[in-house]
Undergrad: 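Have a look at this one.
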Amino acid sequence: MTEAVFSWGWRGMILVGVLSAVLLWFVPAPYGRHRRAGNRFAIPARLGWFLMELVSPVCFLLFFLPGASRPVLPALWLLHYVYRACIYPLLKPAGSRPMPVVILFSAVVFNFANGALNGWAAGSDYFPTPAPIFVVTGISLFLLGGSIHIRADSILRRLRSPGDTGYKMPRGGLYRWVSCPNYFGEILQWTGYALVASNPAAWAFAFFTLANLAPRARSHHRWYQREFSDYPSRRKALFPFVF
Ligand code: NDP
């Protein structure tokens with residue numbers, strides 16, 4: 001990859017983030033509880049998550065290896081994607097709604113670009129290593145975010161008995177404060193990664209994650225409020241006490 005391609009790439013990712021946030025604010029991404037009835041082309045959720053998330057670490061490593069200067073970055077990247085591409089789909093309940101092909105396709109395209117840009121940036125000597133305080137804070141935030149979304153995922157999983165496809169009110173952990181702690185943890189995680197990586201591709205991904213998940217958290221939150229008349233009023237959508 002050349003510096004010009006990289007420079008266009010991370011700017012493009014921010015633009016896509018802004019456009020996605022505006023669109024998703026009004027029209028929720030059509031998967032899970034927001035899947036629309038006419039959406040006929042879909043594949044099993046477990047296979048979809050595996051395929052689309054596998055693209056990211058593969059592209060990261062392909063573009064990282066030529067430079068290979070900072071091993072902490074691929075270690076964090078792989079830590080997340082081993083969970084997201086392998087463990088998460090395996091643990092996912094069989095009753096999860098199928099994944100529309102349009103979601104699979106758009107995620108594969110995004111993960112290809114994101115993995116390549118971040119892999120190239122992580123392997124390049126072009127970006128300065130941040131001060132140790134940023135590295136330590138970033139790794140801590142990454143691990144904290146990871147543990148929050150893994151715990152939130154597991155609370156959601158336990159809401160369904162085998163064969164059940166309905167939605168229940170989640171309780172416990174950070175669900176006391178927000179409707180989507182899984183999204184909150186994911187945002188913390190990629191903000192932490194960006195602090196450690198200290199390059200524009202990592203910040204663009206952290207921004208994209210926020211731009212993608214904040215509107216979805218709002219849609220989930222409103223959906224819970226509509227479905228459950230006793231939904232806790234102090235619970236926010238994404239950030240405790242704030243939003
Ligand atoms: P959701 O919270 O919508 O769903 C997660 C799983 O839990 C699904 O299997 C869902 O079933 C099930 N579930 C959700 N709510 C309930 C409930 N109330 N009762 C019973 N089961 C429930 O998360 P997403 O699928 O949107 O995302 C999954 C993970 O991927 C998250 O951790 C998220 O952070 C991450 N992600 C990251 C993105 C990024 O930009 N970095 C983008 C999108 C996701 P069903 O499928 O049937 O709805």
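Counting starts at 1 for both ligands and their atoms, following the listed order. The figures that follow rest on heavy atoms only: side chains count, while hydrogens, waters and symmetry mates do not. Please read these numbers as outputs of a predicted model, since none were measured by experiment.
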Undergrad: Kindly indicate, with the supporting measurements, whether the criterion side-chain contact (heavy atoms from CB on, under 4.5 Å) is fulfilled by H149 and Y183.
TA: CA-CA 7 Å; H149 79 64; Y183 296 169; over 6 Å; no
Undergrad: Consider ligand 1: state whether an atom of it lies below 4.0 angstrom from any non-hydrogen atom of H220.
TA: yes
Undergrad: For L213, counting its heavy atoms only, list the atoms of ligand 1 lying under 4.0 Å from any of them.
TA: 34 (O), 38 (C), 42 (C), 43 (C)
Undergrad: Numbering the atoms of ligand 1 from 1, which are under 4.0 Å from a heavy atom of K168?
TA: 17 (C), 18 (N), 19 (N)
Undergrad: Is the closest heavy-atom distance from R84 to ligand 1 below 4.0 Å?
TA: yes
Undergrad: Do F127 and W8 sit in one hydrophobic cluster, given that two such residues count as connected whenever their side-chain heavy atoms are within less than 4.5 Å of each other, even indirectly?
TA: no
Undergrad: Between W77 and S56, what is the shortest heavy-atom contact and its length?
TA: NE1-OG, 3.3 Å
Undergrad: Does S96 reach ligand 1, in the sense of a heavy atom lying below 4.0 Å from it?
TA: yes
Undergrad: Counting the benzene-type ring for Trp, do Y167 and W223 have ring centres under 6.0 Å apart?
TA: yes
Undergrad: Examine the proximity of ligand 1 to L159 and report which part, side chain or backbone, both or neither, has a heavy atom under 4.0 Å away.
TA: side chain
Undergrad: When you measure from the centre of the six-membered ring of F6, is the NZ or CZ of R11 under 6.0 Å away and within 45° of the axis?
TA: no
Undergrad: With a 3.5 Å cut-off and no angle check, do the side chains of R151 and S147 form a donor-acceptor pair?
TA: no
Undergrad: As an exercise, identify every atom of ligand 1 less than 4.0 angstrom from a heavy atom of N212.
TA: 40 (O), 42 (C)
Undergrad: Can you list the atoms of ligand 1 that are under 4.0 Å from a heavy atom of Y88?
TA: 5 (C), 6 (C), 28 (C)
Undergrad: Please determine if W190 has a nitrogen or oxygen closer than 3.5 Å to a nitrogen or oxygen of ligand 1.
TA: no
Undergrad: So which bit of F184 gets within less than 4.0 Å of ligand 1, heavy atoms only: side chain, backbone, both or neither?
TA: neither
Undergrad: At a 4.0 Å cut-off, with the gap strictly under it, does some heavy atom of R157 reach an atom of ligand 1?
TA: no
Undergrad: List the steps, then state whether side-chain contact (heavy atoms from CB on, under 4.5 Å) holds for L156 with Y175.
TA: CA-CA 10 Å; L156 287 181; Y175 284 101; 3.1 Å; yes
Undergrad: So, for W120 and F60, is the gap between ring centers shorter than 6.0 Å?
TA: no
Undergrad: Test your reading of the structure: does T165 have an N or O sitting under 3.5 Å from an N or O of ligand 1?
TA: no
Undergrad: Kindly identify the option in R97, R33, R160, E186 whose heavy atom sits closest to atom 10 (C) of ligand 1.
TA: R160
Undergrad: Please list, in number order, the atoms of ligand 1 under 4.0 Å from a heavy atom of D153.
TA: 32 (O)
Undergrad: With a heavy-atom distance limit of 4.0 Å, tell me whether K92 approaches ligand 1 through its side chain, its backbone, both, or neither.
TA: side chain
Undergrad: What atoms in ligand 1 come closer than 4.0 Å to a heavy atom of G166?
TA: 20 (C)
Undergrad: Are I14 and V109 connected in the hydrophobic side-chain network, where two residues link if heavy atoms are under 4.5 Å apart?
TA: no
